[in-house]
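What follows is a short report on a single structure.
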Amino acid sequence: MAGQFDVIESEGRGRRRWVGPAVVVGLLLIPVVGLLTSREPEPEAAVPTSAPEPIRSLRRVDNPSNVLSVPSTAKGDDEVIQVVFPDGLRAEVRYPAELDLDKMGSRPFQGLTIEGRARQLSAPYSVIGVTRGALPLRNYADNVTLWPSQAGSGTHGQVLLFEFGNWRMALRDLGTGLTFEQRTALAQAVRGKVTKEGYLVLSASGAVRLAKPGETVRGEPVGPQLWFGGSAGAMVVLTPTPGCDRNARVPGVIDGRGRPVESVCRGDVQVAVIGPPPFREAAVEGIRVKVK
């Protein structure tokens, strides 16, 4: 894997100091130098590969707003927002006004597989947390760049950052890492379309398959999700789950924070919540989801 990205530079040989009469010694060295030169191996011819073209314009990625806030409509003591999941599923979400879901904003999540290897696409709350204001390692496509692994990321390796309109979606690699060809395939196969409301809808082709609602990997839901809030504050995750009452599992982004979790099924959509007790109680009691 590493060899596919390494750049080998050859250094020029340093000058030697010659001792003695320059002309005589120089004449004596001519056949020796000729013999040594004739024994130098010829440079190997370049081997064509299926790699993308060399990077033409690496650029820094700014820190755009990577959270979508849509206007809500008041209905009595509640508010209503229209949402679109990454697979295109539309729903109406009604919630107690004090939860402020519209102001918390939402981010998309979508699991996928590439040649049977599971990975996750998620919208980082802060893009600067991925880029650190630096330059990417390389481009895989006009909208896909590779970034170094982040400090303290544990088993996560380098990051593929996809750009779809104003959205930035990060695919954090795991310990063994994807091959160069698999990363190239991902860059070519994953597509994103932004709806008129600003939501991101994803599609894929070829060796890449997007996880469907209800799918899990090692017990963790990897189908399409919408994350409201996050960072260090309260968070609500909506996860379409067919047969939710029987099959729902709490998403890893909620379950892995070591904080109290509440969840409830609203039809075929799970509502999972972390935050202060009053927030959790209001969310599980008051959030309603109507799939269209």
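The basis for the numbers below is simple: all heavy atoms, side chains too, and nothing from hydrogens, waters or symmetry mates. Position 1 is the first residue of the sequence, and the numbers go up from there.
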Hphob cluster co-occupancy, L101 + F85, side-chain heavy atoms under 4.5 angstrom: yes
Distance in Å, L200 CG paired with F109 CZ, rounded so as to fall on 0.5 Å steps: 13.5 Å
Residue pair P213 / P242, side-chain heavy-atom distance below 4.5 Å: yes
From Q110 atom CD to Q225 atom CD, the distance as rounded to the nearest 0.5 Å: 8.5 Å
Pairwise distance OG(S263) to CD1(I254) - rounded to 0.5 angstrom: 9.5 Å
R209 side chain to G116 backbone, donor-acceptor under 3.5 Å: no
Under 3.5 Å: donor-acceptor pair, side chain of R107, backbone of V67: no
E281 atom CD: more than 12 heavy-atom contacts under 6.0 Å: no
I114 reachable from V190 in the ILVMFWY side-chain graph, under 4.5 Å edges: yes
Expected output: side-chain W167 to main-chain G198 donor-acceptor under 3.5 Å: yes
Flag side-chain contact, heavy atom, 4.5 Å: L202 against F162: no
Backbone of L160 reached by a side-chain donor or acceptor of R183 within 3.5 Å: no
Separation between CD1 of I81 and CE of M104, rounded to the nearest 0.5 Å: 10.0 Å
Salt bridge present between E79 and K103 (N-O < 4.0 angstrom): no
Cluster check V264, V291: I/L/V/M/F/W/Y, side chain < 4.5 angstrom: yes
Sole candidate of M235, E220, Q270 that passes side chain to side chain contact (heavy atoms under 4.5 Å, CB included) when paired with P251: Q270
Heavy-atom closest pair, residues G133 and I128: N-CD1, 3.4 Å
Main-chain N/O of R94 paired with D78 side-chain donor or acceptor, under 3.5 Å: no
Student check: side-chain heavy atoms of R172 and Q120 closer than 4.5 Å: no
Side-chain heavy atoms of V127 within contact of L161, under 4.5 Å: yes
Approximate separation, where rounding is to 0.5 Å, of N143 CG and F164 CZ: 5.5 Å
Side-chain donor or acceptor of R90 paired with backbone N/O of K292 under 3.5 Å: no
Same cluster (ILVMFWY, side-chain, under 4.5 Å), L178 and M169: yes
Side chains of S69 and D102 in contact at under 4.5 Å (non-hydrogen atoms): no
Heavy-atom closest contact (V269 atom, V289 atom, distance): CG2-CG1, 3.9 Å
Side chains of E197 and T195, donor plus acceptor under 3.5 Å: yes
Pairwise side-chain contact, L121 with L112, heavy-atom cut-off 4.5 Å (strictly under): yes
Whether Y199 side chain and Q82 backbone form a donor-acceptor pair below 3.5 Å: yes
From V83, V80, V236, residue fulfilling side chain to side chain contact (heavy atoms under 4.5 Å, CB included) relative to V93: V83
Heavy-atom closest pair, residues T113 and A118: CG2-CA, 4.1 Å
Pairwise side-chain contact, L174 with R119, heavy-atom cut-off 4.5 Å (strictly under): yes
Hphob cluster co-occupancy, L89 + V70, side-chain heavy atoms under 4.5 angstrom: yes
Where D245 and C265 come nearest, the two heavy atoms and their spacing: OD1-CB, 3.2 Å
Donor-acceptor contact present, side-chain D173 to main-chain Q158, <3.5 Å: no
Sub-4.5 Å side-chain heavy-atom contact between V284 and V271: no
Atom pair CG/CZ of L68 and F228 - distance to nearest 0.5 Å: 8.5 Å
Main-chain N/O of G165 paired with R168 side-chain donor or acceptor, under 3.5 Å: yes
Parallel, tilted or perpendicular, as decided by the 30° and 60° cut-offs, for the rings of F180 and Y140: tilted
Contact summary for D268 and C244, nearest pair of heavy atoms: OD1-N, 3.9 Å
Nearest atoms (heavy-atom pairs only) where N66 meets P124: ND2-O, 2.9 Å
